Amino acid sequence: MAKGKTKTVFFCKECGYESAKWMGQCPGCREWNTFVEEPVVRNAAGKETVRAVKAQPVRLSEVSASSEERTETGIGEFDRVLGGGIVTGSLILVGGDPGIGKSTLLLQMCQKLADRGKKILYVSGEESVRQIKMRADRLGDFEQELFLLSETDLDVVVETVGRMKPDVVVIDSIQTMYREEIGSAPGSVGQVRETTGALMRVAKELAVSVFVVGHVTKEGVVAGPRVLEHMVDTVLYFEGDGSASYRFLRGVKNRFGSTNEVGVFEMRGCGLVEVTNPSEYMLQGKPENEPGSIVACSMEGTRPILVEVQALVCQTNFNMPRRTAAGTDYNRVNLLMAVIEKRLGLRMGDCDAYINVAGGMRISEPALDLGIVAALLSSYRNQALDSSTICFGEVGLVGEVRAVPMAEQRVAEAAKLGFKRCLLPQVNKRQLEIPAALTGNLQLVGIDTIHELLGVF
Ligand code: TYD
Ligand code: MG
């Protein structure tokens with residue numbers, strides 16, 4: 001067993017792929033130059049695994065359904081992404097860029113939980129207890145049952161959790177935690193995996209819900225949260241445009257609920273504030289009747305969100321036209337421009353094109369296609385679409401406009417926000433079962449091909 005101690009292995013710090021030799025490109029995630037060499041201690045990990053297997057098999061019919069108990073965090077947008085609250089005994093990873101607001105969000109959650117009498121342990125390996133207190137002071141009053149621990153040794157943390165038996169534990173961040181048996185530095189793939197594994201066992205054995213913060217790292221030897229995704233129950237990413245104050249909490253994986261929900265927050269001086277009507281927020285400051293500006297509707301989980309799609313198309317001064325897409329898929333924009341060129345005969349190939357989804361949100365839903373095409377056409381022809389029009393629909397390679405799911409919800413959202421005209425796939429319009437009272441004076445215009453778009457300006 002002792003000879004295992006000196007062995008080293010190469011890990012991809014993006015996805016955790018393990019290999020005996022160094023490789024330039026990771027076969028797992030196809031990233032370049034991500035391999036780092038780390039010592040491994042097989043015997044320590046092996047012993048742990050054997051010890052963990054002591055549970056007895058149980059008949060499915062004998063398992064009580066109440067084993068999936070949920071506690072609401074008290075932050076509606078957070079609960080939405082978690083699928084209705086924190087499942088007792090689950091391990092939740094909250095990833096995001098440094099400085100995006102992960103610590104703030106979790107401290108606010110602790111505040112709400114402590115208010116309702118839950119016992120909370122907040123472990124920080126990054127900030128001293130005083131620094132956490134200073135942050136907490138900005139966020140308002142805190143109840144008694146919130147305990148702080150400034151510690152990076154995971155064994156101390158595990159021992160404290162065992163002694164204190166809190167309801168919820170927050171580990172901020174996993175990259176600062178270490179276990180002595182693992183030879184490598186804190187933040188390395190080996191450490192991050194081992195400490196997460198230990199926290200997983202604590203969560204399951206003591207029925208404590210554990211939140212783990214993971215920084216997304218662009219370079220350096222620190223392992224990113226993707227390394228852990230497969231180990232934990234739930235993965236949430238906190239994202240946003242650095243310049244905008246909106247923050248989006250997105251579910252990427254959830255063993256206890258749907259994954260594609262999004263929670264919307266705004267970062268203010270007194271912490272994060274929930275945005276319960278994101279469409280209104282996303283459309284704030286939208287220009288009226290300007291060429292290249294179109295309102296589109298995207299579904300984020302079960303909620304429709306209206307966004308402004310902006311396009312700027314102009315003659316290129318380069319050999320190769322410049323194209324950028326902020327907030328949506330670059331390749332999709334290129335594809336849609338090719339469809340416009342071929343099907344409508346417009347010379348998009350000579351044009352630079354810049355696409356932006358305003359508000360800092362990232363949307364990859366195909367229902368945004370019609371909005372992108374309309375914005376490109378509007379800018380190319382320098383003709384505005386009136387600002388009371390909204391559109392959604394998927395565009396296919398022959399220029400056909402295809403049906404999208406949940407058309408009712410999208411139409412209802414458009415009507416609620418006072419839009420007058422809605423361009424939608426003809427197929428959707430035909431199948432739409434929506435009471436007249438809901439649509440109000442919203443005029444529905446069914447579109448079969450992008451040819452028909454030329455007639456709506
Ligand atoms: P933080 O939660 O420390 O980010 P992370 O843990 O993801 O690294 O958030 C830091 C940023 O949030 C920092 O730039 C300051 C800002 N902030 C506010 O704007 N208002 C506040 O009330 C707080 C606490 C932070
Ligand atoms: Mg932090």
Side-chain angles (χ1 to χ4, degrees), residues 73-75 77-78 81-82 92-115 120-143 146-152 154 157 168-178 186-187 191-192 195-196 199 210-220 222-229 232 234-252 262-275 281 359-362:
T73 59
I75 304 176
E77 293 292 299
F78 203 157
V81 183
L82 286 173
I92 299 149
L93 171 69
V94 180
D97 290 333
I100 200 79
K102 300 178 295 298
S103 306
T104 308
L105 178 70
L106 290 174
L107 200 59
Q108 281 184 285
M109 177 196 75
C110 292
Q111 179 185 27
K112 296 268 186 190
L113 287 169
D115 268 350
I120 318 284
L121 177 64
Y122 187 99
V123 184
S124 181
E126 296 182 345
E127 293 166 305
S128 68
V129 175
R130 269 196 57 227
Q131 282 173 310
I132 304 172
K133 169 73 178 156
M134 274 158 58
R135 185 200 299 270
D137 284 343
R138 292 176 73 175
L139 304 176
D141 292 338
F142 276 74
E143 288 295 319
L146 174 58
F147 294 87
L148 305 178
L149 179 68
S150 187
E151 182 59 72
T152 52
L154 194 83
V157 174
V168 175
V169 179
V170 175
I171 306 288
D172 189 2
S173 63
I174 194 68
Q175 283 114 340
T176 57
M177 297 292 148
Y178 75 95
Q191 284 284 8
V192 162
T195 46
T196 307
L199 287 166
V210 182
F211 283 83
V212 168
V213 171
H215 292 296
V216 172
T217 50
K218 294 278 179 290
E219 60 244 2
V222 175
R226 282 195 51 205
V227 170
L228 310 174
E229 279 181 1
V232 303
T234 303
V235 180
L236 311 178
Y237 276 97
F238 206 36
E239 52 197 42
D241 189 347
S243 53
S245 58
Y246 302 112
R247 301 281 183 271
F248 307 98
L249 185 67
R250 207 178 278 279
V252 172
V262 168
V264 187
F265 298 88
E266 191 186 346
M267 183 61 99
R268 299 232 185 112
C270 57
L272 291 157
V273 181
E274 288 178 64
V275 177
Y281 269 77
M361 193 156 190
R362 230 199 119 70

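Here the structure is a predicted model, which is why all the values come from computation and not from measurement. Numbering of ligands and ligand atoms starts at 1, following listing order.
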Closest heavy-atom pair, H215 versus K102, reported as atoms and distance to 0.1 Å, is ND1-NZ, 3.1 Å
Identify the heavy atoms of V262 and R250 that sit nearest to each other, and give their distance.
CG2-NH1, 3.5 Å
Check whether any N, O or S atom of S173 sits under 2.8 Å from the Mg ion (ligand 2).
no
Give the residue and atom name of whichever protein heavy atom lies nearest to atom 2 (O) of ligand 1, and the separation in Å to one decimal.
T104 OG1, 2.6 Å
What are the two closest heavy atoms between Y281 and E266, and how far apart are they?
CE2-OE1, 3.4 Å
Taking all non-hydrogen atoms of both residues, which atom of L139 and which atom of Q111 are closest, and how far apart?
O-NE2, 3.1 Å
Backbone N or O of R226 within a donor-acceptor pair of the E229 side chain at under 3.5 Å?
no
Considering only non-hydrogen protein atoms, determine which one is nearest to atom 22 (O) of ligand 1 and report residue, atom name and distance to 0.1 Å.
G271 N, 2.7 Å
Between R135 and T104, does any side-chain donor sit less than 3.5 Å from a side-chain acceptor?
yes
Might you point out which heavy atoms bring V81 and G251 nearest each other, and give the distance in Å?
CG1-N, 3.5 Å
Is C270 in contact with ligand 1, taking contact as a heavy-atom separation below 4.0 Å?
yes
Please lay out, stage by stage, how R247 and F238 fare under the test side chain to side chain contact (heavy atoms under 4.5 Å, CB included).
CA-CA 7 Å; R247 301 281 183 271; F238 206 36; 3.5 Å; yes
Do me a favour and list the nearest non-hydrogen protein atom to atom 6 (O) of ligand 1 with residue, atom name and distance?
S103 OG, 2.6 Å
So is there a nitrogen or oxygen of D172 less than 3.5 Å from a nitrogen or oxygen in ligand 1?
no
Backbone or side-chain N or O of G99 under 3.5 Å from ligand 1 N or O
yes
Of M134, R135, Q131, the one whose closest heavy atom lies nearest atom 3 (O) of ligand 1 is R135
Output yes when a protein non-hydrogen atom is found under 4.0 Å of atom 13 (C) of ligand 1, and no otherwise.
no
How far is atom 19 (O) of ligand 1 from its nearest protein heavy atom, and which residue and atom is that?
M267 CG, 3.3 Å
Please list, in number order, the atoms of ligand 1 under 4.0 Å from a heavy atom of R268.
18 (C), 19 (O), 20 (N), 21 (C), 22 (O)
Considering only non-hydrogen protein atoms, determine which one is nearest to atom 4 (O) of ligand 1 and report residue, atom name and distance to 0.1 Å.
G101 N, 3.1 Å
Nearest to atom 15 (C) of ligand 1, what protein heavy atom do you find, and at what distance?
R138 NH1, 4.7 Å
For the student: nearest non-hydrogen atoms of F78 and F265, plus distance:
N-CZ, 4.0 Å
Which of the numbered atoms in ligand 1 are under 4.0 angstrom from any heavy atom belonging to P98?
8 (O)
